[in-house]
There are 2 protein chains.
Amino acid sequence: MEKAFDPYLRIDDVTVDRSDVEMLRAIDDCGSLSGAADALERSYPRLQQRVVALEQSIGPLVERTRGGADGGGSSLTETARELLVRFDRLVAAYEGVARVDETALSGPVVDRDGELATVETSVGAVLAVAPADAARVAVTIRSDAVSLHAPSEVPRPEGTSVRNRFSGTITWLDTGAAVVRVGIELERDTNSDGAEPPELVALVTRQSVETLELEPGRSIVASVKATAARGIARDELDAVSTDAN
Amino acid sequence: MEKAFDPYLRIDDVTVDRSDVEMLRAIDDCGSLSGAADALERSYPRLQQRVVALEQSIGPLVERTRGGADGGGSSLTETARELLVRFDRLVAAYEGVARVDETALSGPVVDRDGELATVETSVGAVLAVAPADAARVAVTIRSDAVSLHAPSEVPRPEGTSVRNRFSGTITWLDTGAAVVRVGIELERDTNSDGAEPPELVALVTRQSVETLELEPGRSIVASVKATAARGIARDELDAVSTDAN
DNA sequence: CGCCGATATTCCATATCGGAAACAACGATG
DNA sequence: CATCGTTGTTTCCGATATGGAATATCGGCG
């Protein structure tokens, strides 16, 4: 099972999607609409009509010239270039979500302050952003939002905005080119009878692995910002699972 | 301009998207395919064919019964329910990206270790995940990935996996129901001549605002994990901008 | 003034989508 | 045991959207 998405920017009536961005890039590269149509193996009419449609909502995107020794050509306006950058940033942000591991912890909401909920899980109370009407939620924690600390160097709660803290033991490392996935078996809460040992995955740099001397068996403290922990309503079912990729 | 996305899960050949999930939910609610078709105002044949198509790739999703006093009916299998939960989690994760502020810092790549790049920005070196071929990148930092610390309580670099650290002054607070957006004017790097004062936005809980006594004018240290800072290639243009919503 | 390469426009083939209608299964009911 | 009602299954047809071939238009340059 593979996570994916189609990002788009909605501007007034039109939606700018992947193929539109691809089209603008091709126009920029080729210097003409017809060239872009050839390069993308799309028909010229549709491509040109699409440009017109986008421009009706967004404003001038392509500066067109006809005639001349080379027959003319087209170049992107500043508006179009800004659009491309916007889209790239959007994709980068979403891409991060798609490529990163997530850990889910579920349990009942025991306290609530607006959209901020305290969830009782098998590893203790977790503070997370959750829909206001949910009585039981599954909290999703992205591995790139998990920070690790040496047990002796844990920041005092009074001095940091990070609100969730878990103690655990490293069980495995998955070393990549520059980043390392770290599997952590969390300490269960004292009054919890959970069957499955709750696991948390963190994504850290290889340099952090060396600095903190991370290795299987070592005790570690993981921290997660409440605003990075997102809960979804889960009023029927119940499970603790880790979702690889 | 509005960010949006269409999430989907790809399983073998089929992609299950929003409408598929909506369909399965309706089947669950109504207890029959025909009821779901009525509720969604979709034609029965297409709906039924879609269920069959999904099942061919994913496996049994709907337990169907024909005949009986009530004419029969359908209920979801465990596979289908798990699919719904998966999808909810996916949406929650993407939703977080769409709703959160982002700060972009750009500059040249001065060092690189695989997909991890050190980027020279107007506020100093930033460690971020970036495409391997980019010489100049824009680093995007989501506000929910920014942690704040009292200047006297900054964790030692040797004891934490958090690699980016910025000093700054709080310039504004936007207090919501439970969470607060914090605007921070970053200290410029000594040898930088940047024109715009670089601004970082952090998203923290209201309780953190009280604990850290956050208010305009106060000095603060912001930290960001390298794996949560994502860079995009930006080899032509150059700007520092903050993108609200 | 004709040429050339590019931009606009018209029109048609095709695939996809959605729905109406007929058909089959099955248990309750009399 | 025939009938009935509800639901699942299948077939077929029309509407809509998508993509492309052919055509017309433009304008500097030689």
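Here is the naming used below: chain letters follow the sequence lines, and residue numbers restart at 1 for every chain.
Using a 4.5 Å cut-off on side-chain heavy atoms (C-beta onward), R181(A) and D101(A) make contact. For the pair V51(B)/M23(B), a side-chain contact is recorded, criterion being any heavy-atom separation below 4.5 Å from C-beta on.
The side chain of S74(A) places no N or O atom within less than 4.0 Å of a non-bridging phosphate oxygen (OP1 or OP2) of dA6(C). Under 4.0 angstrom from either OP1 or OP2 of dA8(C) there lies at least one side-chain N or O belonging to Q48(A). Remark: S43(B) is not in phosphate contact with dG18(C), judged by side-chain N or O atoms under 4.0 Å from OP1 or OP2. In this structure, R64(A) reaches the dA8(C) phosphate: one of its side-chain N or O atoms is under 4.0 Å from OP1 or OP2.
The stretch residues 13-41 of chain A comes close to DNA chain C through S32(A), L33(A), S34(A), each having a heavy atom under 4.0 Å from the strand.
We find that CD of Q49(B) is positioned 11 Å from C1' of dG19(C), with the value rounded to whole Å.
More than 12 heavy atoms of other shown residues, nucleotides or ligands fall within 6.0 angstrom of atom CD in Q49(A).
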Taking N or O atoms only and anything under 3.5 Å, show me the protein contacts with nucleotides 12-16 of chain C, one pair per line.
none

Expected rows: protein N/O vs nucleotides 3-5 of chain C N/O, under 3.5 Å:
{"residue": "dG5(C)", "atom": "O3'", "partner": "D70(A)", "partner atom": "O", "Å": "3.1"}

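When the ring-ring contact (aromatic ring centres under 6.0 Å, His included) test is applied to Y94(B), the partners found at least two apart in sequence or on another chain are F5(A), Y94(A), F5(B). For R64(B), the side-chain hydrogen bond (donor to acceptor under 3.5 Å, both in side chains) partners two or more places apart in sequence, or in a different chain, are E55(B).
Along DNA chain C, the nucleotide nearest to V52(A) and the one nearest to R42(B) differ in position, and the one closer to the 5' end is contacted by V52(A).
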Considering only distance and modelled atom types, tabulate donor-acceptor pairs under 3.5 Å from the side chains of residues 32-43 of chain B, sequence neighbours left out.
{"residue": "S32(B)", "atom": "OG", "partner": "S34(B)", "partner atom": "OG", "Å": "3.4"}
{"residue": "S32(B)", "atom": "OG", "partner": "G35(B)", "partner atom": "N", "Å": "2.9"}

